[in-house]
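These notes are about the structure you will find just below.
Computed from a prediction, not measured in an experiment: that's the story for all the values here. Order of the sequence lines fixes the chain letters, A, B, ..., with proteins taken first and strands second; residue numbering starts at 1 for each chain.
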Amino acid sequence: MPELPEVEGLVRALAPEAVGRVIQDVSISPIVVESKERGREAIIKGMSTEQFIQNMKDMTIVNVTRRSKYIYMDLERNGQSYLLVSHLGMTGAWFTVNSIEEVMEEKFRRHIHVTFTMKDGGLLIYSDIRRFGELRLLNIEADHPPLLKMAPEPFDDDACTHFIDCTLLPRYARKPIKEVIMDGQVISGCGNIYATEALFKMNIHPARKVERISLKRKQELFQVIVDILQESIDAGGSTISDYRNINGEAGTMQDRLKMYGQKECPTCEVETKSMQIGGRTSVYCPKCQR
DNA sequence: GGTTTCCACCGGCAGC
DNA sequence: TGCTGCCGGTGGAAA
């Protein structure tokens, strides 16, 4: 499951491989073409597969950056700029290779859905096992309004203030803290794994109402989230089920997780508990987290 | 109009 | 062995 640190690692590896190259042609897997023909928004969002293929031809990749868990590819053709926004969903992955056979793992090779053939003969491949990811071609970011509603980058100066301000709004104040810190409009890029870890480190019960946490504790919690995201970026991300970086390599952050996926609390050795919060499985220590 | 709830998008896998 | 149901990041429709 790629979260912010995993996307950051991917972007850092992808940018030097992709920037400056020109797309010659695009092919889309039959299964995605069929889904789109049945009217579903499968991977290619906001336009037909034919439109996407035509629109992507002759594009130069100008830059590759990250915004929250999204990959932003700046594109240019005939002096006009475009933006390709990619989200990895649960199981998306990008590969730069010279042939399909270079995608080492069979499960990714079996689920290649978009293949960009570059003018230099190389391939830029998007693979996605569960097809929850997306590729959305825009003129500018504002053409897809939800992108503008994203919280600031967690490492930006105004991110903590934004988080605190949100927690004071009526629509967030009575919600469980875990649901709120995982909301992309409140904090960018904090998914289930890192929310679970941060709440454990802070000894806060994931179901605790936001209004029952002091300002000081909320500020500390935010800093813990930022620190864990940074620690994970430095460790190459967490490799849980299907995430791989551009070279097909795994990260090591999963070995440093203290609560996510654990059966026993590493502090007090009590058996962990699990409950649904905001529709997502939440693991916690019933003794340490209050 | 703001807010909450529900559903769609899917393959893998646990459990029966 | 084969079937059923559950899981999940995000957007959009419905209530």
Side-chain angles (χ1 to χ4, degrees), chain A residues 1-8 10 28-49 52 66-72 85-94 105-114 126-138 141-151 154 166-176 178-196 206 209-211 229 237-244 260-261 263 274-283:
Chain A
M1 275 182 290
E3 296 193 23
L4 184 151
E6 292 75 34
V7 179
E8 178 67 23
L10 172 65
I28 297 173
S29 69
I31 197 162
V32 167
V33 171
E34 284 166 29
S35 291
K36 289 286 285 181
E37 283 171 356
R38 277 182 286 152
R40 295 180 176 168
E41 284 285 273
I43 297 183
I44 306 296
K45 311 287 185 182
M47 63 178 68
S48 70
T49 53
F52 184 80
R66 180 189 59 73
R67 174 72 176 95
S68 187
K69 299 179 202 168
Y70 291 87
I71 300 159
Y72 279 15
V85 177
S86 169
H87 195 288
L88 300 175
M90 306 294 299
T91 54
W94 284 91
E105 276 186 89
E106 203 226 338
K107 62 180 175 180
F108 286 107
R109 210 165 48 237
R110 269 176 49 203
H111 296 280
I112 290 171
H113 292 300
V114 184
Y126 180 73
S127 168
D128 194 337
I129 298 166
R130 293 190 207 175
R131 283 179 262 160
F132 266 35
E134 70 175 69
L135 297 184
R136 186 185 299 272
L137 180 61
L138 305 170
E141 188 183 32
D143 289 343
H144 188 54
L147 297 173
L148 301 180
K149 294 170 77 177
M150 278 190 285
C166 285
T167 63
L168 301 174
L169 297 173
R171 69 173 178 277
Y172 291 118
R174 274 175 291 281
K175 283 194 170 172
K178 179 153 177 289
E179 192 176 334
V180 172
I181 62 177
M182 286 178 65
D183 187 322
Q185 295 182 33
V186 179
I187 298 177
S188 269
C190 180
N192 202 5
I193 297 170
Y194 301 113
T196 298
K209 299 282 189 284
V210 167
E211 62 188 356
L229 290 174
S238 301
T239 299
I240 292 174
S241 69
D242 299 315
Y243 164 75
R244 290 295 181 279
Y260 186 87
K263 294 221 165 14
S274 162
M275 65 186 293
Q276 291 292 118
I277 296 173
R280 279 157 209 142
T281 304
S282 304
V283 182

TODO: Heavy atoms under 4.0 Å is the rule here; annotate nucleotides 10-15 of chain C 5' to 3' with B where the base is hit, S where only the sugar-phosphate is, and - elsewhere.
DONE: BSS---
Open item on the list: Each nucleotide in nucleotides 6-11 of chain B should get exactly one letter: B, S or -. Can you fill that in based on protein heavy atoms under 4.0 Å?
Closed with: ---BBB
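Looking only at side-chain heavy atoms (C-beta outward), A:R67 and A:L147 stay at 4.5 Å or farther from each other. Looking at A:I129 and A:M90, their side chains never come closer than 4.5 Å, going by heavy atoms from C-beta outward.
Side chain of A:D128 to main chain of A:H113: no donor-acceptor pair is present (N/O by atom type, distance under 3.5 Å, no hydrogens or angles). Without hydrogens or angle criteria, A:K45 side chain to A:E41 main chain gives a donor-acceptor distance under 3.5 Å. No side-chain donor-acceptor contact under 3.5 Å links A:S188 to the backbone of A:P154.
One interatomic measurement links the two molecules: CE of A:M275 to C1' of C:dC7, which rounds to 17 Å at whole-angstrom precision. Rounded to an integer number of Å, the gap from CZ of A:F108 to C1' of B:dG12 is 13 Å. If you take CG of A:L4 and C1' of C:dG9, they are 14 Å apart, rounded to a whole angstrom. Computed from coordinates, the A:Q276 CD to C:dG8 P distance equals 6 Å when rounded to whole Å.
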Task: Watson-Crick and G-U pairing of DNA chain C written in dot-bracket, each distance under 3.5 angstrom, with | for inter-strand partners - done: .||||||||||||||
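Backbone-only engagement by A:G279 is indicated by non-hydrogen atom pairs under 4.0 Å involving sugar-phosphate atoms exclusively.
The side chain to side chain donor-acceptor pair (under 3.5 Å) search around A:S35 returns none, not counting sequence neighbours. Judged as a side chain to side chain donor-acceptor pair (under 3.5 Å), and not counting sequence neighbours, the contacts of A:E134 are A:R136.
Counted by atom type alone, A:K36 and A:T49 present zero donor-acceptor pairs between their side chains at under 3.5 Å.
Contact record, A:S68 with A:M150: CB-SD, 3.5 Å, taken as the closest heavy-atom pair. When all heavy atoms are compared, the tightest approach of A:V32 to A:I43 is CG2-CD1, 4.1 Å. The heavy-atom pair separating A:V7 from A:K69 by the smallest distance is CG2-O, 3.5 Å. Contact record, A:Y126 with A:G133: OH-CA, 3.4 Å, taken as the closest heavy-atom pair.
A side chain to side chain contact (heavy atoms under 4.5 Å, CB included) with A:Y172 is found for exactly one of A:K209, A:Q185, A:E211, A:E179, namely A:Q185.
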Considering only nitrogen or oxygen atoms on both sides, find all protein atoms under 3.5 Å from nucleotides 1-3 of chain B and state each distance.
residue, atom, partner, partner atom, Å
B:dT3, OP2, A:R171, NH1, 3.3

